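Structure record follows, encoded as structure tokens.
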2 protein chains.
Amino acid sequence: MEVENPKDIEQNPVCEVQCVHSDLIRTYVNQIITSAQANHLADLFKTLGDSTRIRIMDALSKAEFCVCDLAELLDMSQSAISHQLRVLRNSNLVKYRREGKMVYYSLDDDHVLRLYSQGLEHINEK
Amino acid sequence: MEVENPKDIEQNPVCEVQCVHSDLIRTYVNQIITSAQANHLADLFKTLGDSTRIRIMDALSKAEFCVCDLAELLDMSQSAISHQLRVLRNSNLVKYRREGKMVYYSLDDDHVLRLYSQGLEHINEK
DNA sequence: TTTATATATGAATATTTGTTCATATGTAGT
DNA sequence: ACTACATATGAACAAATATTCATATATAAA
């Protein structure tokens, strides 16, 4: 079947769908999360969206560990763990304290623990 | 500085770090989440780790919408929305009902709403 | 059964991201 | 200052993923 050159079709800068409930849209269009906030929130979940970081979070939900303990516990290189801890730090999911040469990590606060636990519950209930 | 050929270095199949707290490791090594569960949980968070899907979740946290409403509301193509709804469905985050030609989506349950809200709270508190 | 419209999906491309390797930084002890 | 060791990080490569485009499926009406 032949298709017209897209350039020939009259430009329609608006939405191409016809089934919209205009009243609903008008009501909610101003209540939706901003793009900036959506990006921010997506980044938080993205941080939790990696199995290595989940295993780190799981360990830290049970006790405080130094970097090399985590490497041993999860059987991964120190470098890989350290990279991932930085990602977790950037999302304020973990905090750390230095003691001599070692750096000990733990969950940032109880709120983070609850967020993690809610996720666990969700996958276990289905 | 010259580096020996890695092949010449004696193979050490164990961990290369020396600072491990062996007793801690022994205590927790059997309590860490399994790889399968970690993958599963990471997939859940990964699903939430995209700004388009966050905006869909945000809309659905406020009301039920059909696919083309979401496309209009978020100013995206029907195809893109539909692809992302499938991802959300696969993680049991949204459910849908068909009514004639239209398909209406909503959050799967209150637990999902709580998970989403916890995330929102986290980014707003910092 | 033909047409119109709402939604779903396979393939392809462009972008993002996790790990490794090599190396840098930071801290403590000699 | 020098050495040892714990942790951090830049660059590069491999793997995962979001959107677009084209098209398929599903439902309803004529």
Side-chain angles (χ1 to χ4, degrees), chain A residues 1-7 9 15-21 35 38-39 42-43 45-56 65-72 74-91 94-105, chain B residues 1-7 9 15-21 35 38-39 42-43 45-56 65-72 74-91 94-105:
Chain A
M1 194 195 302
E2 287 221 311
V3 177
E4 287 194 346
N5 185 324
K7 299 288 198 301
I9 301 173
C15 188
E16 75 279 3
V17 292
Q18 285 120 32
C19 62
V20 296
H21 299 88
S35 288
N39 283 327
D43 283 343
F45 285 122
K46 206 175 294 180
T47 296
L48 292 168
D50 172 80
S51 62
T52 293
R53 290 191 292 266
I54 285 294
R55 296 197 301 149
I56 293 175
F65 291 96
C66 70
V67 177
C68 80
D69 281 349
L70 289 169
E72 171 79 7
L74 307 182
D75 192 26
M76 296 192 62
S77 73
Q78 175 270 318
S79 179
I81 295 290
S82 197
H83 274 293
Q84 301 301 8
L85 283 170
R86 174 152 69 144
V87 178
L88 291 168
R89 260 190 281 132
N90 286 341
S91 292
V94 303
K95 63 180 191 290
Y96 64 94
R97 65 185 177 86
R98 178 177 277 280
E99 193 171 298
K101 284 186 260 185
M102 324 251 267
V103 178
Y104 291 89
Y105 282 84
Chain B
M1 193 194 301
E2 287 221 309
V3 178
E4 286 195 345
N5 185 327
K7 300 289 200 298
I9 299 173
C15 187
E16 74 280 2
V17 292
Q18 286 119 32
C19 61
V20 296
H21 300 88
S35 288
N39 283 326
D43 282 344
F45 285 122
K46 206 176 294 182
T47 296
L48 291 169
D50 174 81
S51 62
T52 293
R53 290 192 292 267
I54 284 293
R55 295 198 301 148
I56 293 175
F65 291 97
C66 71
V67 178
C68 80
D69 281 351
L70 290 169
E72 171 79 7
L74 307 182
D75 192 26
M76 296 192 61
S77 73
Q78 176 270 319
S79 179
I81 296 290
S82 198
H83 274 293
Q84 300 301 8
L85 282 170
R86 174 151 70 142
V87 178
L88 291 168
R89 262 190 279 128
N90 286 341
S91 293
V94 303
K95 63 180 191 288
Y96 64 95
R97 65 186 178 84
R98 178 177 276 279
E99 193 171 299
K101 284 185 260 187
M102 325 251 266
V103 177
Y104 290 89
Y105 281 83

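Order of the sequence lines fixes the chain letters, A, B, ..., with proteins taken first and strands second; residue numbering starts at 1 for each chain. All values derive from a computational prediction rather than experimental measurement.
Here the side chains of A:K46 and B:D50 are not in contact, with every heavy-atom distance at 4.5 Å or above. Within the 4.5 Å cutoff, the side chain of B:Q84 has heavy atoms near those of the B:I56 side chain. Within the 4.5 Å cutoff, the side chain of A:S82 has heavy atoms near those of the A:Q78 side chain. A:V87 has its side chain within reach of A:R53: a pair of non-hydrogen atoms, C-beta onward, lies under 4.5 Å apart.
As rounded to whole Å, 12 Å separates atom C1' of D:dA6 from atom CG of A:D69. Following rounding to the nearest Å, A:L85 (CG) and C:dT19 (C1') show an atom-to-atom distance of 14 Å. Between the CE atom of A:M102 and the C1' atom of C:dA28 there is a distance of 13 Å, given to the nearest Å. Rounded to an integer number of Å, the gap from A:F65 CZ to D:dT7 C1' is 18 Å. Straight-line distance from the CG atom of B:N90 to the P atom of C:dA8: 12 Å, rounded to whole Å. In this structure, A:L74 atom CG and C:dT19 atom C1' are separated by 15 Å, rounded to whole Å. The nearest whole Å value for the distance from the CD1 atom in A:I54 to the C1' atom in C:dG18 is 15 Å. Regarding A:L70, its CG atom lies at a distance of 11 Å from the P atom of D:dA8, rounded to whole Å.
Using a distance-only test at 3.5 Å, with no hydrogens or angles considered, a donor-acceptor pair links the side chain of B:T47 to the main chain of B:D43. Although no hydrogens or angles enter the test, the distance criterion places no donor-acceptor pair under 3.5 Å between the side chain of B:R97 and the main chain of B:E99.
Legend: residues meeting side-chain hydrogen bond (donor to acceptor under 3.5 Å, both in side chains) with A:N39, ordered by chain and number and at least two apart, are B:S51. A search for side-chain hydrogen bond (donor to acceptor under 3.5 Å, both in side chains) contacts involving B:H21 returns A:D69, A:Y104, not counting sequence neighbours. Listed by chain and number, the residues in a side-chain hydrogen bond (donor to acceptor under 3.5 Å, both in side chains) with B:R55 amount to none (sequence neighbours excluded).
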Please tabulate, one pair per line, each protein N/O and nucleotide N/O from nucleotides 25-30 of chain D that are separated by under 3.5 Å, including the distance.
none

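Axis angle between the ends of the helix from C:dT1-D:dA30 to C:dT30-D:dA1, five pairs each and rounded to 10 degrees, works out to 30°.
Here the CG atom belonging to A:L85 is positioned 11.0 Å from the OH atom belonging to A:Y96, to the nearest 0.5 angstrom.
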For this session: Indicate for each nucleotide in nucleotides 9-18 of chain D, in 5' to 3' sequence, whether protein heavy atoms under 4.0 Å reach the base (B), only the sugar-phosphate (S), or nothing (-).
Result: BB------SS

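For A:Y105 and A:R89, the side-chain atoms include at least one donor-acceptor pair closer than 3.5 Å.
Look at A:Y96 and you won't find any side-chain N or O under 4.0 angstrom from OP1 or OP2 of D:dA8.
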